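All values below were derived from every heavy atom in this structure, side-chain atoms included, with hydrogens, water molecules and symmetry-related copies excluded. Treat the numbers as computed from the prediction; the structure is a model and nothing was measured. Chain naming here is simple, since letters A, B, ... match the order of the sequence lines and numbering starts at 1 in each.
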Amino acid sequence: MTTTAQQGTTRRTPAWCLVGRGTREAVTVVELDADGSELETRDVPSAQWPEHVRHAEEEAGPRWVWSDTATWYPRLLAAGVTVSRCHDLRLIHVILRHSQLVGDAGRLREATAWDAPIDQALEEPARGATLFDLDDSSRSGGVPHALEEARAEFARQRTATDGAADPGRLRLLLAAESAGALVAAELHAAGIPWDVAEHDRILTEALGPRPGTGQTPSRMAEAAAEVRTALGDPMLGIDSPPKLLRALHRAEIDVESTSQWELMEHDHPAIDPLLRYKKMSRLLAANGWAWLEEWVEEGRYRPVYVPGGVVTGRWAASGGGALQIPRQLRPALRADAGWRLVSADVSQLEPRVLAAMSGDRAMAEAGADRDLYSGIVDAGVVETRQEAKVGVLGALYGGTTGDSGRVVPRLRRNFPEAMRLVDDAAATGERGGTVSTWLGRSSPAPEAEWTRAQTGANLPDAAAREQERARRAARDRGRFTRNFVVQGTAAEWALSWLAALRLALARFEPVPETDAATASGPVFAARAHLVFFLHDEVIVHAPAAQAEAAASAILSSADAAGRLLFPGSVVDFPLDLTITERSPTK
DNA sequence: AGGTAGAGCGCG
DNA sequence: AAAGCGCGCTCTACCT
């Protein structure tokens, strides 16, 4: 146990610092030993709280326990303070409440304020605002920020975790989830460096020059005119699917919907301009000039990331469609002068995760040190890389038709352990059961309506229609649980990767702040930092001199994540990594 | 007028 | 070519 001398007395450094809103205008900090016993409690005036945290970080680097990272951490970041680790009570509550690894969840399973769905709009702390300007109901859907409630919840969570079937595994998940919450707040604070001029250039090239308000860009208007001419309907409202569908039928184009994949199968002079129009219309609506004005400020795009926003454990995002930035606009993501973007994505993360979870040696070998799909071809399982890809995706998603349906049986013969794992997960889901990820995040129980339909369909007098509907619902749920175990474990791998990476980057020596990067704020203008995360992909914004070191950190963090989750596994997680000034379109 | 469902399409 | 999983966002149609 580390000790520090302070004012003549010897003090044990805390393993945990539980913080909560205390008395008026103060944050109460309860320092706890590793075993949870209290060392010291103090009130810190809220104005001095960031300084207190900075000091504690330098001294011991405790794990900060707080109600909700999205509430507490932005205030520290705004004051230029980062923390190494935390325990996010809100996110962890959700995991523990549902996890199959937790035998006796006690009161965690009861509906409480900790379960309230949160208002996902992360509020910027107003200038000079303190935690005391927030009452519990003002955001986070009523998650309690007061000390006593946080303390009681933390105790419940510790009991549940200590008594879990595999506490070590679960603790990894809780730590990774919390680290993700820190990353999410940091990504928002730093912002994505966004080149407005480049974005405008891409829009102008694709759509024509920016039109006046309410006007259609010229190239879109031209395509629309071509469509109307080709369909012989000069007044056609192309943006209305029902009207468009009727016009297509009048022109004897036999489609059931107006979606592009169906249109593409037909040969008619209206099709090409229509597809071009749709593409342009989408770009304009989702990421046009209005988007640019709304979302990019001082060269930074700051989406709100929502850790734990997806049942599988993936993040969601709100604000400008952060997870759907079209490839076309990737070049607008550009490093500041003198800085670089270090981009990395994992090749075939989900199938590799499946190989590791199931211990399928043949699948691990197919991916060893190379493209997994090519490896499946080389192993003689299928003829082409495309077949391998479609087959593997079919295995993960539950595809039964077309090429994927044809290839999956071959995968089942060649990769029996991997296929058994996903097939079992599907079977469990079809029965209404619960499945869990590698680290213990469990799937939600079926809706009452789903269960009712299954029970009803089993009654002797059930109508054939009812039975068919119930069977379809069962298969739908089976595909969901099949994918849940893999998608969810891949999310755990990615969180572990992020967690290791942010700690590695935090150890980089600060550089003198450059004018260029000051838009990222006091913490991030002085060293390499994460600016983007998308399921299996990260981008680090780094001073040119730190770019190589950042690349190494990304690689070694991926390695560490693999070893942490799957000790002894032969499965590797290769990255595609580039150092550029401008993000490549790929 | 205002809320919501569905279509459609972007991302992994 | 999509299919089979998970999302968010914008638009229109349709409801109260």
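- Salt-bridge annotation for A:Arg210 and A:Asp200: absent, with no side-chain N of the basic residue lying under 4.0 Å from a carboxylate O of the acidic one.
- In this structure, A:Asp423 pairs ionically with A:Arg482, as a charged nitrogen and a carboxylate oxygen lie closer than 4.0 Å.
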- Message: Could you walk me through whether A:His535 and A:Trp315 satisfy the ring-ring contact (aromatic ring centres under 6.0 Å, His included) test, starting with their C-alpha distance in whole Å, then the side-chain angles of each, then the deciding distance to 0.1 Å, before giving a yes or no?
- Response: CA-CA 8 Å; A:His535 308 319; A:Trp315 289 9; 9.0 Å; no

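- For the pair A:Arg477 and A:Trp450, the cation-pi test (distance below 6.0 Å, angle within 45°) is passed.
- Relative ring orientation between A:Phe566 and A:Trp438 is described as tilted, the plane-to-plane angle lying within the 30° to 60° band.
- Close to B:dC9, at under 4.0 Å from its OP1 or OP2, lies a side-chain N or O of A:Lys278.
- We find that CZ of A:Arg412 is positioned 13 Å from C1' of C:dG4, with the value rounded to whole Å.
- Taking only distance into account, the side chain of A:Asp403 never meets the base of C:dA3 through a donor-acceptor pair shorter than 3.5 Å.
- No side-chain donor-acceptor contact under 3.5 Å links A:Glu417 and A:Ser358.
- Nearest-nucleotide positions on DNA chain C place A:Ser404 closer to the 5' end than the other of A:Trp291 and A:Ser404.
- Residue contacts for A:Val390: at a heavy-atom cut-off of 4.0 Å it reaches a base atom on one of the strands shown.
- When heavy atoms are screened at a 4.0 angstrom cut-off, A:Asn287 is found touching no nucleic acid atom at all.
- Across all strands shown, A:Arg282 has heavy atoms under 4.0 Å from base atoms, whether or not it also approaches the sugar-phosphate.
- Between the side chains of A:Ser259 and A:Ser257, a donor-acceptor pair is found at a separation under 3.5 Å.
- Using a 4.0 Å heavy-atom cutoff across all strands shown, A:Gln260 reaches sugar-phosphate atoms only and no base atom.
- The interatomic distance linking A:Gln386 (CD) with C:dG4 (P) rounds to 16 Å, in whole Å.
- In this structure, A:Trp194 and A:Tyr301 have perpendicular ring planes: the angle between them is above 60°, well past the 30° mark.
- Taking 90° from 0 as the syn/anti boundary, the base of C:dG4 is oriented syn.
- For A:Ser240 and C:dA13, the shortest distance from a side-chain N or O to OP1 or OP2 is below 4.0 Å.
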Using a cutoff of under 3.5 Å, can you pull out all pairs of nitrogen or oxygen atoms linking the protein to nucleotides 5-7 of chain B, with atom names and distances?
none

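- Residue A:Leu283 is classed as having no contact, given no heavy-atom separation below 4.0 Å to the nucleic acid.
- In the interface, the side chain of A:Arg314 is not paired with the base of C:dC7 through any donor and acceptor atom under 3.5 Å apart.
- Among the protein residues, A:Gly319 comes within range of the sugar-phosphate backbone only, with heavy atoms under 4.0 Å from sugar or phosphate atoms but none that close to a base.
- Side-chain atoms of A:Gln324 come within donor-acceptor range of the base of C:dG8, with a qualifying N/O pair under 3.5 Å.
- Contacts between residues 245-255 of chain A and DNA chain C, counted as heavy-atom distances below 4.0 Å, involve no residue at all.
- In this structure, A:Leu244 atom CG and C:dC11 atom P are separated by 17 Å, rounded to whole Å.
- In this structure, A:Trp493 and A:Trp497 have tilted ring planes: the angle between them lies in the 30° to 60° band.
- Counting any heavy atom pair closer than 4.0 Å across all strands shown, A:Leu534 reaches sugar-phosphate atoms only and no base atom.
- Electrostatic pairing of A:Glu177 and A:Arg441 counts as a salt bridge here, judged by a charged N lying under 4.0 Å from a carboxylate O.
- Remark: C:dT12 base-pairs with B:dA5; criterion is Watson-Crick or G-U wobble with both hydrogen-bond distances under 3.5 Å.
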